[in-house]
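What you are looking at is a predicted structure, and each value in this text was computed from that prediction instead of being measured.
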Amino acid sequence: KNNSFDKVICINGLHVFRNPVLALKEIKRVLKKGGYVISATFCYGDVRAMGFKIFLLLSGWFWISGGIPPYLRQFDICSLLSIFQQAGFK
């Protein structure tokens, strides 16, 4: 139902959604005006994330074996903010 929730929590989801902008638009639809989205997802951009980058490069093998979706994404801060803006969040 529209405008149902004060807060929506999405933990480790945005990077595995086929269309994260569409998912965020759905979150926005069910969120009450003035509500909050709490989201945690992987971001890269520094040396600590190098292991995750390698993991993503190798994920093709995991996908073939049935473990990881082929549309797994990685975000940096700018691209993560961009999908929120595309979904209509400020």
Side-chain angles (χ1 to χ4, degrees):
K1 185 176 173 184
N2 295 343
N3 306 311
S4 299
F5 299 98
D6 295 315
K7 296 174 186 83
V8 175
I9 300 171
C10 179
I11 304 298
N12 292 325
L14 293 177
H15 64 283
V16 295
F17 291 143
R18 185 176 305 274
N19 187 336
V21 173
L22 186 61
L24 286 169
K25 285 181 178 181
E26 182 65 11
I27 288 171
K28 187 170 175 51
R29 183 187 69 77
V30 300
L31 196 62
K32 290 180 182 176
K33 184 174 178 144
Y36 291 94
V37 175
I38 300 167
S39 177
T41 194
F42 292 105
C43 285
Y44 68 94
D46 63 20
V47 175
R48 293 172 292 181
M50 186 56 68
F52 186 63
K53 288 179 187 179
I54 293 169
F55 171 76
L56 287 175
L57 289 173
L58 298 174
S59 66
W61 180 83
F62 292 111
W63 175 68
I64 290 168
S65 66
I68 296 177
Y71 44 85
L72 186 67
R73 289 173 175 71
Q74 55 181 343
F75 298 106
D76 60 14
I77 296 299
C78 292
S79 63
L80 188 58
L81 289 174
S82 175
I83 66 164
F84 275 89
Q85 290 170 344
Q86 290 173 48
F89 286 97
K90 295 181 181 180

Looking at [atom1] of [X] and [atom2] of [Y], how far apart are the two atoms once the value is rounded to the nearest 0.5 Å?
{"X": "Leu81", "Y": "Phe75", "atom1": "CG", "atom2": "CZ", "answer": "11.0 Å"}
{"X": "Ile83", "Y": "Leu24", "atom1": "CD1", "atom2": "CG", "answer": "5.0 Å"}
{"X": "Asn12", "Y": "Ser39", "atom1": "CG", "atom2": "OG", "answer": "8.5 Å"}

ask   = Quick one: do Val21 and Val30 end up in the same hydrophobic cluster if we chain Ile, Leu, Val, Met, Phe, Trp and Tyr together by side-chain heavy atoms under 4.5 Å apart?
value = yes

inquiry  = Quick check: is Val37 connected to Phe5 through a chain of hydrophobic side chains (ILVMFWY, heavy atoms under 4.5 Å apart)?
reply    = yes

request  = With sequence neighbours excluded, give me every salt bridge (charged side-chain N to carboxylate O under 4.0 Å, His left out) pair touching residues 1-13.
outcome  = Asp6-Lys32

inquiry  = Holding to ring pair (Phe, Tyr, Trp, His ring centres under 6.0 Å), I want the full list of residues that pass it with Phe89, two or more places apart in sequence or in another chain.
reply    = Phe84

Min side-chain heavy-atom separation Leu31-Asn3 under 4.5 Å = no

Partners passing side chain to side chain contact (heavy atoms under 4.5 Å, CB included) against [X] (at least two apart in sequence or in another chain):
{"X": "Ala23", "result": "Phe17"}
{"X": "Asn2", "result": "Arg29"}
{"X": "Ile9", "result": "Ile11, Ile38"}

message = Give me the atom names and distance for the closest heavy-atom approach of Gln86 to Lys25.
response = O-CE, 3.6 Å

ask   = Of all residues at least two apart in sequence or in a different chain, which pass the side chain to side chain donor-acceptor pair (under 3.5 Å) check with Gln85?
value = none

